[in-house]
Amino acid sequence: MARHNRDGYGVDQRGYQYVIGFQPDWLRYVKVTRDLETGRQSTKALYRNPADVREAEPGDRIRTRVTSKEQNLDFEVIVDDPNRAVRRIRVICELPGRDGRREEEVEFIVEGLLPEG
């Protein structure tokens with residue numbers, strides 16, 4: 001039986017704080033990719049599940065929520081996966097730029113399926 005979601009916390013390249021709601025027996029990590037002021041792109045592990053292996057079966061539904069109050073960001077991804085085939089979910093968001101006018105594209109990678117323990 002799948003266990004209830006947990007909350008994890010992380011900070012991105014620009015110092016924005018996040019809360020990650022995740023399934024403890026599915027999620028491996030969440031990464032964030034965004035453009036820096038230098039024009040280069042940066043990818044950072046936003047949150048990594050402290051567990052190396054799963055304690056229970058993850059269930060048929062994948063649920064991951066990412067929130068950042070500072071950026072007015074709040075999304076949840078729910079995927080029905082009865083055959084446990086999904087390994088990675090990619091979400092691209094448009095957020096206000098640091099100057100408040102220009103839109104910025106921010107990508108989140110949700111990587112999953114912890115191995116059996």
Side-chain angles (χ1 to χ4, degrees):
M1 174 188 256
R3 297 185 299 153
H4 293 288
N5 274 21
R6 307 284 191 266
D7 283 341
Y9 305 91
V11 177
D12 73 3
Q13 301 92 322
R14 293 201 176 149
Y16 292 120
Q17 297 181 16
Y18 293 82
V19 178
I20 310 297
F22 69 98
Q23 291 170 278
D25 297 306
W26 185 83
L27 183 82
R28 286 179 186 260
Y29 58 79
V30 176
K31 288 185 178 182
V32 60
T33 300
R34 64 187 325 146
D35 292 332
L36 301 176
E37 288 82 6
T38 62
R40 298 191 65 184
Q41 196 174 62
S42 173
T43 299
K44 180 180 181 190
L46 187 58
Y47 178 77
R48 189 172 303 278
N49 189 343
D52 294 328
V53 296
R54 62 184 187 231
E55 292 181 22
E57 289 298 314
D60 293 346
R61 182 172 288 168
I62 298 165
R63 289 183 58 220
T64 305
R65 184 173 184 181
V66 177
T67 59
S68 174
K69 288 183 182 179
E70 298 164 295
Q71 297 177 96
N72 196 27
L73 175 71
D74 186 353
F75 71 85
E76 184 172 33
V77 176
I78 302 171
V79 178
D80 287 322
D81 184 27
N83 297 323
R84 295 186 180 94
V86 174
R87 297 294 181 262
R88 181 178 296 138
I89 301 165
R90 181 176 166 209
V91 178
I92 298 173
C93 300
E94 282 202 4
L95 302 173
R98 286 196 132 188
D99 60 7
R101 296 170 294 189
R102 181 176 70 80
E103 293 292 315
E104 177 183 16
E105 190 172 277
V106 180
E107 178 178 338
F108 297 88
I109 300 290
V110 180
E111 181 87 23
L113 201 56
L114 287 175
E116 292 184 44

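Reckoned from all heavy atoms, side chains included, excluding hydrogens, waters and symmetry mates.
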For Glu76, salt bridge (charged side-chain N to carboxylate O under 4.0 Å, His left out) partners two or more places apart: Arg63
Exam field: side chain Asn49 to backbone Pro24, donor-acceptor pair closer than 3.5 Å: yes
Ring geometry between Phe108 and Tyr18 (parallel below 30°, tilted from 30 to 60°, perpendicular above 60°): perpendicular
Exceeds 12 heavy-atom contacts within 6.0 angstrom, atom CZ of Arg6: yes
Co-members of Tyr9 in a cluster of I, L, V, M, F, W and Y side chains, linked at under 4.5 Å: Val19
In one Ile/Leu/Val/Met/Phe/Trp/Tyr side-chain cluster, 4.5 Å: Val66, Val11: no
Closest contact, heavy atoms only, Phe22 versus Gly8: CE2-N, 3.8 Å
Glu105 CD to Gln41 CD distance, which is reported to the nearest 0.5 Å: 8.5 Å
Atom CG of Asp80 with >12 non-hydrogen neighbours under 6.0 angstrom: yes
Main-chain N/O of Pro58 paired to Gln23 side chain as donor or acceptor, under 3.5 Å: yes
Nearest non-hydrogen partners of Glu103 and Pro96, listed with the distance: OE1-N, 4.1 Å
Which residues share a side chain to side chain contact (heavy atoms under 4.5 Å, CB included) with Asp81, sequence neighbours left out: Ile62, Arg84, Ala85, Val86
Set of salt bridge (charged side-chain N to carboxylate O under 4.0 Å, His left out) partners for Arg28, sequence neighbours left out: none
Exercise: identify the closest heavy-atom pair between Val110 and Trp26: CG1-CZ3, 3.6 Å
For the student: nearest non-hydrogen atoms of Gln71 and Leu95, plus distance: OE1-CD1, 3.4 Å
Sub-4.5 Å side-chain heavy-atom contact between Val79 and Ile89: yes
All pairs passing salt bridge (charged side-chain N to carboxylate O under 4.0 Å, His left out) where residues 41-52 contributes a residue, at least two apart: none
Ile20 reachable from Tyr29 in the ILVMFWY side-chain graph, under 4.5 Å edges: no
Leu46 versus Asp12, closest heavy-atom pair with distance: CD1-N, 3.9 Å
Working for salt bridge (charged side-chain N to carboxylate O under 4.0 Å, His left out), residues Asp74 and Arg65: CA-CA 7 Å; Asp74 186 353; Arg65 184 173 184 181; 2.6 Å; yes
Main-chain N/O of Glu55 paired to Asp25 side chain as donor or acceptor, under 3.5 Å: yes
Gln13 side chain to Ser42 backbone, donor-acceptor under 3.5 Å: yes
Heavy-atom closest pair, residues Ile92 and Glu107: CG1-CG, 4.0 Å
Residue among Lys31, Arg88, Arg87 satisfying side chain to side chain donor-acceptor pair (under 3.5 Å) with Glu111: Arg88
Salt bridge (charged side-chain N to carboxylate O under 4.0 Å, His left out) partners for Glu70, two or more places apart: none
